[in-house]
Undergrad: 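Take this structure first; my questions come after.
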Amino acid sequence: MSRVGLGLGAEGPDADEAALQRALDAMAPAGVALACRAIRAGDEAALLPAEAVTIASTRLDRRRASGAARLAARDLLRARGIGACAIPRAPSGEPIWPEGWTGSLAHDRIWAVAALGRLGEVGSIGIDVEPADPLPDDILALVVRPDDRLPAPGSALDARLVFSAKEAVYKATFPLHRRILDYDDIAIDLPRCSATTRTGHAARLFHTSAPCIVTLAVVEP
């Protein structure tokens, strides 16, 4: 299948990566760095031994995406003077970062993204990546709840943005309370780029929708 058929531009992954990286750099708030990578064949080999044993899935596509996300994360760490350290997966699912740092990883079929921040400058971070397509109707009713606030007039991507925001908020807040949250437990205010949870946490939201949807949730320290 061609790169175009996979959702990448005809110029290939390098041009698409550059475009997405520019969008991520533009949306990143102070204290947070973001990186992306188009998932490539062979990225599964990037998993370090300490990481590989914590990735339960044996599916090649899952391990490949996990390797791509960690390549993006290691680029961020390297830029801050930290060598090629392992980022294993905790039993509860979140990545384990070097001491003094917090972050988040995400991927879809095409893209892997990573977010990194220094503890003290940010409290916690969550990131999510989704295709820039409308949310299917059967999922929309489950995701968009009465407490959510969407722009008026709306957009075909609003529900997908709410879904992405809830995924990012869940990742950002789970390490703080260790509770499983449902869609009803997270209220998204898209016009104000903010979110609240029934556990009493608030997050700022940042997003881009081209060439894919990436949402960042940041909980203050």
Side-chain angles (χ1 to χ4, degrees), residues 3 6-40 43 46 65-85 87 94-95 97-98 100-133 151 155 157-158 160-169 171-172 188 190-195 203-221:
R3 287 282 179 182
L6 287 172
L8 290 172
E11 295 181 1
D14 292 342
D16 290 291
E17 276 180 348
L20 180 54
Q21 188 61 56
R22 287 192 297 270
L24 296 181
D25 291 340
M27 80 180 224
V32 178
L34 305 176
C36 67
R37 179 177 174 84
I39 301 168
R40 295 168 170 82
D43 281 351
S66 295
R70 283 162 174 80
L71 284 171
R74 281 195 270 276
D75 283 345
L76 294 175
L77 289 166
R78 191 177 302 111
R80 283 145 190 84
I82 301 172
C85 62
I87 309 170
E94 74 270 26
W97 298 90
W101 297 89
T102 185
S104 184
L105 305 175
H107 62 79
D108 63 4
R109 291 190 312 112
I110 298 170
W111 294 104
V113 293
L116 181 71
R118 190 186 297 274
L119 287 171
E121 295 181 10
V122 295
S124 189
I125 301 172
I127 197 167
D128 182 67
V129 59
E130 302 287 336
D133 300 320
S155 157
L157 290 181
D158 285 347
R160 179 75 72 171
L161 288 169
V162 170
F163 176 81
S164 182
K166 291 192 178 189
E167 293 291 313
V169 170
K171 289 182 178 182
I188 302 298
L190 285 182
R192 295 189 177 185
C193 297
S194 64
R204 293 184 295 147
L205 301 176
F206 307 84
H207 74 261
T208 183
S209 57
C212 59
I213 289 173
V214 179
T215 303
L216 174 73
V218 179
V219 178
E220 299 299 336

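This is a predicted model, so every value here is computed, not measured.
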Undergrad: CD1 of Ile125 to CH2 of Trp101: how many Å apart, nearest 0.5 Å?
TA: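 With rounding to 0.5 Å, CD1 (Ile125) is 10.0 Å from CH2 (Trp101).
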
Undergrad: Is it true that Arg37 and Asp75 make a salt bridge, defined as a side-chain N closer than 4.0 Å to a carboxylate O?
TA: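 Between Asp75 and Arg37 there is no salt bridge, as every charged N stays at least 4.0 Å from the carboxylate O atoms.
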
Undergrad: Less than 4.5 Å apart, any side-chain heavy atom of Leu20 and any of Val214?
TA: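 Side-chain contact under 4.5 Å: yes.
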
Undergrad: Say you draw a straight line from CG of Leu77 to CD1 of Ile87; how long is it, rounded to the nearest 0.5 Å?
TA: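 Rounded to the nearest 0.5 Å, the CG-CD1 separation comes out at 5.0 Å.
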
Undergrad: For the CD atom of Glu167 and the CD atom of Glu130, what is their distance to the nearest 0.5 Å?
TA: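 Glu167 CD to Glu130 CD: 6.5 Å, rounded to 0.5 Å.
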
Undergrad: Just so I know, are the side chains of Leu161 and Ile188 near enough to count as touching, which here means a heavy-atom distance under 4.5 Å?
TA: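 With C-beta onward as the side chain, the pair stays apart.
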
Undergrad: What distance do Leu190 atom CG and Asp158 atom CG have between them, rounded to the nearest 0.5 Å?
TA: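 Reported to 0.5 Å precision, the distance equals 6.0 Å.
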
Undergrad: Keeping to residues at least two apart or across chains, list the side-chain hydrogen bond (donor to acceptor under 3.5 Å, both in side chains) pairs with something in residues 206-215.
TA: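 Listed by first then second residue: Ser164-Thr215.
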
Undergrad: Which heavy atom in Leu71 sits nearest to a heavy atom in Asp43, and how many Å separate them?
TA: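 Heavy-atom minimum between the residues: CD1-OD1, 3.8 Å.
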
Undergrad: Can you name the closest pair of heavy atoms from Ala203 and Ala217 and give their distance?
TA: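 Looks like CB-CB, 4.3 Å.
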
Undergrad: Starting at CD of Glu94, measure out to CG of Leu105 and round the result to the nearest 0.5 Å.
TA: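 Answer for the CD-CG pair, Glu94 versus Leu105, is 11.0 Å.
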
Undergrad: How far apart are the closest heavy atoms of Ser104 and Lys171, and which atoms are they?
TA: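 Between these two residues, the closest heavy atoms are OG-CD, 3.6 Å.
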
Undergrad: Would you indicate whether the side-chain heavy atoms of Leu205 and Val169 approach each other to under 4.5 Å?
TA: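 Answer yes - side chains close enough.
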
Undergrad: Quick check against the 3.5 Å criterion: does Arg160 have a side-chain atom that pairs as donor or acceptor with the backbone of Asp133?
TA: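 At least one qualifying donor-acceptor pair exists.
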
Undergrad: Between Ala72 and Ala35, which heavy-atom pair has the shortest distance, and what is it?
TA: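 Closest approach of Ala72 to Ala35, heavy atoms only: O-CB, 3.7 Å.
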
Undergrad: What's the separation between atom CH2 in Trp97 and atom CG in Leu119, rounded to the nearest 0.5 Å?
TA: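 The CG atom of Leu119 is 11.5 Å from CH2 of Trp97, to the nearest 0.5 Å.
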
Undergrad: Shortest non-hydrogen contact from Pro98 to Cys85?
TA: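 Nearest heavy atoms, Pro98 then Cys85: CG-SG, 3.5 Å.
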
Undergrad: Of all the heavy-atom pairs spanning Trp111 and Cys212, show the shortest one and how long it is.
TA: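 Heavy atoms only, the tightest pair is CD1-SG, 3.7 Å.
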
Undergrad: Quick one: are Pro29 and Leu216 in side-chain contact, heavy atoms under 4.5 Å?
TA: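 Sidechains of Leu216 and Pro29: in contact.
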
